[in-house]
Amino acid sequence: MPVCSDCATQLFSPRIDLDLSVLRGKLRSDSGPFVSQPAEISTTLRNVQQDLTSCEDEIQRLEIRRAYLVEQRSLLQVYRDHLQAFSSPVRKLPNEILQRIFDDCCDMNYFRVGGRQHSYMQSEPALTLSSVSAQWRRNSLALSSIWSRITLSWMYEGEDYDRETAYEKLSSILDTFLNRSRQYPLTVSLEL
């Protein structure tokens with residue numbers, strides 16, 4: 001029986017000869033040798049069934065192995081991407097330039113009360129920038145201006161709208177923004 005070169009497990013190998021030309025020739029003949037040998041046919045059928053079972057088991061084992069390898073490939077790709085991030089040009093920017101870029105990116109932080117939230121990246125850029133890396137967090141926290149520009153938008157949706165829960169969430173996030181804006185003058189817009 002053949003053996004896997006990696007793990008030394010036995011690979012599937014049929015118990016019977018799968019030469020279909022011989023079997024087809026016997027089936028086409030008027031009276032083949034199998035007609036008078038039902039015990040041999042029965043034994044061969046049992047062997048074929050065992051081979052099918054063994055083949056299915058081998059396929060399942062290989063599918064499990066394949067799934068594991070696909071997962072490992074995915075993890076390796078993520079790891080590679082993280083390693084490549086170390087050589088990203090943005091990591092070489094001085095903090096002053098990075099803060100200028102942050103200030104330009106954080107035109108306004110939008111908060112919706114009652115409606116579905118947009119992604120943080122679009123609606124609350126200050127939170128997004130402060131979540132990227134330790135360097136970006138330090139720079140975003142040092143830059144009060146990006147936390148001081150706030151737009152509140154009220155969008156009431158249906159009877160299942162829970163005003164109290166919405167206000168609790170808004171209060172918590174606004175508290176964060178107001179603390180981080182420190183003494184910087186606030187720009188607050190209301191959309192009703």
Side-chain angles (χ1 to χ4, degrees), residues 4-9 59-192:
C4 176
S5 61
D6 291 333
C7 62
T9 58
I59 288 171
Q60 184 178 11
R61 186 186 70 76
L62 291 173
E63 285 174 347
I64 290 170
R65 177 83 174 135
R66 183 185 185 282
Y68 170 77
L69 290 172
V70 166
E71 180 183 352
Q72 292 302 304
R73 178 184 62 192
S74 177
L75 291 172
L76 285 167
Q77 289 169 337
V78 169
Y79 194 83
R80 177 203 57 208
D81 294 346
H82 281 69
L83 283 175
Q84 287 176 338
F86 283 117
S87 60
S88 174
V90 74
R91 295 182 71 82
K92 299 171 186 158
L93 289 176
N95 289 337
E96 297 77 22
I97 293 176
L98 198 57
Q99 287 178 0
R100 174 70 180 157
I101 292 169
F102 286 4
D103 197 40
D104 288 344
C105 289
C106 293
D107 175 32
M108 187 63 71
N109 294 285
Y110 293 93
F111 298 95
R112 292 186 176 218
V113 181
R116 279 191 291 161
Q117 292 289 338
H118 293 293
S119 73
Y120 283 128
M121 187 175 291
Q122 294 172 347
S123 61
E124 299 159 20
L127 282 178
T128 302
L129 293 173
S130 68
S131 301
V132 172
S133 68
Q135 178 192 14
W136 283 34
R137 183 169 183 78
R138 273 191 316 276
N139 280 289
S140 64
L141 292 176
L143 197 60
S144 299
S145 63
I146 68 172
W147 302 96
S148 66
R149 297 181 287 247
I150 300 170
T151 294
L152 300 172
S153 175
W154 271 263
M155 305 184 95
Y156 301 105
E157 290 185 4
E159 295 177 17
D160 62 340
Y161 172 70
D162 184 359
R163 183 176 297 195
E164 190 173 320
T165 302
Y167 286 144
E168 285 176 18
K169 288 180 183 176
L170 179 63
S171 175
S172 173
I173 197 76
L174 282 178
D175 189 44
T176 299
F177 272 74
L178 293 175
N179 286 331
R180 291 179 180 176
S181 67
R182 293 185 288 279
Q183 299 298 319
Y184 201 86
L186 292 176
T187 302
V188 179
S189 299
L190 298 175
E191 295 177 359
L192 302 173

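Side-chain atoms are counted along with the backbone in the values below, which use heavy atoms only and exclude waters and symmetry mates. The first residue of the sequence shown is numbered 1, and numbering continues consecutively from there. Remember, it's a predicted structure, so these values are computed and weren't measured experimentally.
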Run the side chain to side chain contact (heavy atoms under 4.5 Å, CB included) check on T187 and M108 step by step: do they pass? CA-CA 9 Å; T187 302; M108 187 63 71; 4.2 Å; yes

Between [atom1] of [X] and [atom2] of [Y], what distance do you get to the nearest 0.5 Å?
| X | Y | atom1 | atom2 | value |
| --- | --- | --- | --- | --- |
| S172 | F177 | OG | CZ | 11.0 Å |
| I173 | I150 | CD1 | CD1 | 9.5 Å |
| L129 | E124 | CG | CD | 12.0 Å |
| F102 | S145 | CZ | OG | 11.5 Å |
| S148 | N109 | OG | CG | 8.5 Å |
| N179 | L174 | CG | CG | 11.0 Å |

With the side chain counted from C-beta on, respond yes when [X] and [Y] share a heavy-atom pair under 4.5 Å apart, and no when they do not.
| X | Y | answer |
| --- | --- | --- |
| R100 | E96 | no |
| V90 | I101 | no |
| R180 | L127 | yes |
| S181 | L186 | yes |

Heavy-atom count check: over 12 atoms from other residues, nucleotides or ligands less than 6.0 Å from [X] [atom1]?
| X | atom1 | answer |
| --- | --- | --- |
| Q72 | CD | yes |
| R80 | CZ | yes |
| R65 | CZ | no |

Contact summary for [X] and [Y], nearest pair of heavy atoms:
| X | Y | result |
| --- | --- | --- |
| S130 | W147 | OG-CH2, 3.8 Å |
| T128 | V132 | O-CG2, 3.4 Å |
| F86 | R91 | O-CD, 3.6 Å |
| K92 | S87 | NZ-O, 4.0 Å |

Verdict with reasoning, I64 to Q60, per side chain to side chain contact (heavy atoms under 4.5 Å, CB included): CA-CA 6 Å; I64 290 170; Q60 184 178 11; 4.3 Å; yes

For the pair N95 and Q135, evaluate side chain to side chain contact (heavy atoms under 4.5 Å, CB included) and give the outcome as yes or no after the intermediate values. CA-CA 8 Å; N95 289 337; Q135 178 192 14; 3.4 Å; yes

Expected output: side-chain S133 to main-chain W136 donor-acceptor under 3.5 Å: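 Judged by distance alone, yes, a pair lies under 3.5 Å.
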
Residue pairs, two or more places apart or on separate chains, that pass salt bridge (charged side-chain N to carboxylate O under 4.0 Å, His left out) and touch residues 145-155: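 The answer is D103-R149.
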
